[in-house]
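Single-structure report; data block below.
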Amino acid sequence: MAVPQPQVQLKNPRPSPVNAATHDDSERLAHMATEVAALQAIGQAWPLEQRAVLDNLRGAIEALHREALVRLLKGLRDEPAAAARLRELASDPFIYGVLRLHGLVREPLEARVRAALESVAPMLAEHAGGVELVAIKLPDTVEVRLTGSCQSCPASGQTLSEGVERAIKEHAPEIVRVVQVRRSAETRAPGEAVPIHFVSPFAKAEDRGFVDLCAVDELPQGQVAARTLRDEALLLYRDGSQVFCVANACAHLGMPLDDGAVAEGVIECPHHGFRYRLDTGECLDVPEVQLVVHAVRVRGGRVAVKLGASA
């Protein structure tokens, strides 16, 4: 028995060629993509047996094309001049689109990193914070800056490692290091103040990992107090009702800081003079380095600390 032939009906079964002089590449590509999508939608309405034939045919054609493209690319990459030309041609939207279809190229690294930052932006925004891309340093490093409340939050280290860094590495597995770049004191607006959140928005509600450390009243106002948690040397700093926690190790040579002079929330390393903000861990002398900051929770007159991922 003859298999009934499906009827394919398009508004323009044979669309006239698009005039390149009047349409740019994006319009031409969109037009072709629309035609492909229309045909796929029609095929989905066919009986199961006919859809299976269509899927197998499409799969065989795509496999044939992919194998040919793989061999072509391998051959071109062996020649330096051809490889350079290939990289130029890959920016063409048609060539790039076909190579993406066959999994032979990925989105540009910057686009994937920005997509990662966009994916965490809503959660950061709920805490009046944000994150921005500073630089991509090939081959494997991304620099970001936390903004709003996130930049001065005691849990910024946790926000970076458990939220921002994880998202970036999921979108761009080739990235190995995600570095937080902080603004120097000179670039901060005079009198700028931002709300403080003691817990990173990425902390898991069911397993926050906070460990009770001491009573708030045990901490002297405006000074530091050394404590140890799981063999980690810590510095606690109390400023009014707020408590901050940083690693008791200078980012320069790892020397302890608890004997350093404290003035207006800044501690000076007694060994080599590096100055750090105790609320953010930011180094005022060398902005590229900073103290490890740990999340703090103050509740019922008790101080609990959660060690960051780097501890």
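All values derive from a computational prediction rather than experimental measurement. The figures that follow rest on heavy atoms only: side chains count, while hydrogens, waters and symmetry mates do not.
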request  = Could you walk me through whether Tyr276 and Leu278 pass the side-chain contact (heavy atoms from CB on, under 4.5 Å) test, one step at a time?
outcome  = CA-CA 6 Å; Tyr276 299 93; Leu278 288 163; 5.8 Å; no
task = Of all the heavy-atom pairs spanning Glu143 and Leu133, show the shortest one and how long it is.
result = O-CD1, 3.6 Å
Joint cluster assignment, Leu72 & Val70, ILVMFWY side-chain distance < 4.5 Å = yes
message = Between Glu218 and Arg227, does any side-chain N to carboxylate O distance fall below 4.0 Å?
response = yes
inquiry  = Suppose we screen for salt bridge (Lys or Arg N to Asp or Glu O under 4.0 Å). Which residues come up paired with Arg66, at least two apart in sequence or across chains?
reply    = none
ask   = Can you tell if the side chain of Met32 reaches within under 4.5 Å of the side chain of Phe94, non-hydrogen atoms only?
value = yes
task = Return yes when atom CD of Gln221 has more than 12 non-hydrogen atoms of other residues, nucleotides or ligands closer than 6.0 Å, and no otherwise.
result = yes
Contact check, side chains of Leu257 and Leu291, non-hydrogen atoms, under 4.5 Å = yes
task = May I ask you to decide if Ser119's main-chain N or O and His171's side chain share a donor-acceptor pair within less than 3.5 Å?
result = no
Interatomic spacing from CG in Leu235 to CG in Asn248 - rounded to 0.5 Å = 3.5 Å
request  = Verify the neighbour count for atom CZ of Arg51: are there more than 12 heavy atoms of other residues, nucleotides or ligands below 6.0 Å?
outcome  = yes
note = Which of Val243, Leu236, Val211, Asp212 passes side chain to side chain contact (heavy atoms under 4.5 Å, CB included) with Val305? Answer is Leu236
Side chains of Arg112 and Pro173 in contact at under 4.5 Å (non-hydrogen atoms) = yes
query = Do Thr147 and Val131 come close enough that some side-chain heavy atom pair is under 4.5 Å?
reply = no
request  = Hey, could you give me the CZ/CG distance between Arg58 and Leu39, rounded to the nearest 0.5 Å?
outcome  = 11.0 Å
key: CZ-CZ distance between Phe210 and Arg302, expressed to the nearest 0.5 angstrom   = 15.0 Å
message = Do Thr141 and Val178 have side chains that approach each other closer than 4.5 Å (heavy atoms only, starting at C-beta)?
response = no
query = Taking the side chain as C-beta and beyond, is there a heavy-atom pair between Val303 and Val296 under 4.5 Å?
reply = yes
